[in-house]
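Comments concern the structure below.
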2 protein chains.
Amino acid sequence: MTTKQRIVDQALKQFNTDGVEKITTRHIANELEISQGNLHYHFPNKEVIIEQLFADFIGELETLKRFPEYNMQDPNEVIGSMTDNFEIMLKYQFLFRDNEVVWRRVPKIKADVIQLFQSYKLRIMELIATYRQSGLIRNEISDIQLNYLADQFVFNISTWLVGSTYVGKIKNPHEFYAKTLFRLWLPYLKVEEMQKWEGILTKL
Amino acid sequence: MTTKQRIVDQALKQFNTDGVEKITTRHIANELEISQGNLHYHFPNKEVIIEQLFADFIGELETLKRFPEYNMQDPNEVIGSMTDNFEIMLKYQFLFRDNEVVWRRVPKIKADVIQLFQSYKLRIMELIATYRQSGLIRNEISDIQLNYLADQFVFNISTWLVGSTYVGKIKNPHEFYAKTLFRLWLPYLKVEEMQKWEGILTKL
DNA sequence: GTCTATACAGCGATAGAC
DNA sequence: GTCTATCGCTGTATAGAC
């Protein structure tokens with residue numbers, strides 16, 4: 001492994017555990033037992049390390065299957081899709097837990113993250129439309145409320161890493177919160193479908 | 001106004017706009033046109049200022065009417081109750097936007113905030129039980145799902161200030177998100193009730 | 001209570017030897 | 001590519017005069 005890669009890996013580790021504002025280039029260098037001078041040879045400053053980590057995050061997201069490749073009529077695949085996404089977010093959790101700190105240092109990341117979640121909303125709205133055409137969704141639910149449902153999905157996706165700290169430790173948080181996210185659907189489904197989906201959930 | 005109070009007010013202002021990790025005692029003193037030495041006479045360090053602000057936050061929360069004093073059968077009062085809470089959270093928003101940074105500096109605040117939101121969950125569960133007894137809630141909804149609804153309320157309350165930054169600027173965010181929170185109820189209500197409540201919402 | 005002055009530690013960044 | 005040495009800046013904290 002190259003020194004450059006070791007720096008990135010170690011930075012991620014320490015950002016996640018100790019916070020991006022506390023960890024300095026010195027801390028990272030010390031932990032790796034290399035000199036600061038060496039670290040600064042590879043990265044001129046902390047911002048560039050953060051940018052690299054964000055690029056890695058986006059890169060990993062793009063290795064995932066795309067929505068159309070999942071069979072979203074199958075609840076298990078829906079949960080699987082969410083779990084995959086959440087696992088990557090968990091790996092780069094400092095980007096979301098300390099989002100304000102990161103954004104103040106590297107404003108470009110804010111714009112990119114916002115755009116990312118907006119694209120999620122579009123995909124979820126398409127999914128809702130599909131479910132509706134398939135007759136899964138209750139007829140009494142208004143369009144406004146369905147748009148709200150999409151907002152709630154995005155809201156949960158974008159803030160679960162913050163909200164989870166209020167709840168406490170969980171073994172596999174990415175799996176747990178994927179299932180939690182899935183529960184958002186239930187009261188919007190027709191009764192038979194709701195009970196079927198809830199059955200799947202309790203068996204997992 | 002005493003110097004001590006002026007320091008607290010100015011600190012809150014700058015923490016909210018520029019971030020608690022960036023603002024130092026020097027910044028606050030400069031902005032107030034007093035010396036650092038003077039500031040340190042009143043507050044030994046930044047942590048104590050933060051603790052003071054948190055105490056003020058709790059103090060303001062306690063001036064609110066308590067749940068039983070609201071008529072929670074009246075949707076308008078439900079929204080009003082949420083709006084009141086959100087307004088105070090908005091005033092002290094750095095505590096929630098930069099929660100991790102604050103907690104790393106003053107760990108006690110983390111424990112207190114977690115406890116606060118847990119007490120919210122209990123109150124919401126009581127409210128759900130009341131609504132259920134009044135026959136407002138759909139019979140098909142399982143107990144697990146109702147517990148989940150309470151979790152969703154707490155989740156939304158604890159993270160709305162984070163989630164709102166992903167959405168964009170809004171004039172009166174505390175009002176807007178109180179209404180948003182209110183919409184969580186709708187798909188859990190019996191149809192006639194749901195339509196009544198949704199009607200109230202669109203009129204506001 | 002408020003000021004000036006100062007000490008001290010830690011961070012970011014660079015120069016220069018190997 | 002890696003090291004040591006060092007500089008300038010900023011943040012925290014204290015001493016002492018008024």
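Numbers restart at 1 for each chain; the letters A, B, ... are given by sequence-line order, proteins then strands. Heavy atoms only: backbone and side chains are in, while hydrogens, waters and symmetry mates are out.
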Separation of D:dG11 atom C1' from B:Gln14 atom CD, nearest Å, is 15 Å

Taking only N and O in the side chain of A:Thr25, is any of them less than 4.0 Å away from OP1 or OP2 of C:dA13? no

Do the ring centers of B:Tyr131 and B:Trp197 come within less than 6.0 Å of each other? yes

Would you state whether a donor and an acceptor, one from the side chain of A:Arg26 and one from the base of C:dG10, lie under 3.5 Å apart?
-> no

Rounded to whole Å, CD of A:Gln5 lies from P of D:dG1 at a distance of 14 Å

From CG of B:Asn30 across to P of C:dC3 the rounded distance in Å is 11 Å

Here the distance between atom C1' of D:dG16 and atom CD of B:Gln36, to the nearest Å, is 16 Å

Item to complete: Flag the pair A:Lys190 and A:Glu193 as a salt bridge only when some basic side-chain nitrogen lies within less than 4.0 angstrom of an acidic carboxylate oxygen.
Response: no

note: B:His27, atom NE2; D:dC9, atom P; distance rounded to Å ~ 15 Å

Testing D:dT2, C:dG1, D:dT12 for proximity to the side chain of B:His42, the answer is C:dG1

Here the distance between atom C1' of D:dT2 and atom CZ of A:Phe43, to the nearest Å, is 16 Å

note: B:Ile49, atom CD1; D:dA13, atom C1'; distance rounded to Å ~ 13 Å

Here the distance between atom P of D:dT14 and atom CG of B:Leu39, to the nearest Å, is 13 Å

Of the listed D:dT2, D:dT12, C:dT2, the closest approach to the A:Tyr41 side chain comes from D:dT2

Between A:Ile34 and B:Lys22, the residue closer to the 5' end of DNA chain D by nearest nucleotide is A:Ile34

Side-chain atoms of A:Ser35 come closest, of C:dA13, D:dT12, D:dC3, to D:dC3

Checking C:dT2, D:dC3, C:dG12 against the side chain of A:Asn38 (C-beta onward), the nearest is D:dC3

* Asked: So, do B:Trp185 and B:Phe153 have ring centers that fall under 6.0 Å from each other?
  -> yes

Taking side chain as C-beta onward, heavy atoms only, is A:Glu31 less than 4.5 Å from A:Gln14?
yes

**Prompt:** Between B:Asp98 and B:Arg105, does at least one N-O distance fall below 4.0 Å, as a salt bridge requires?
**Reply:** no

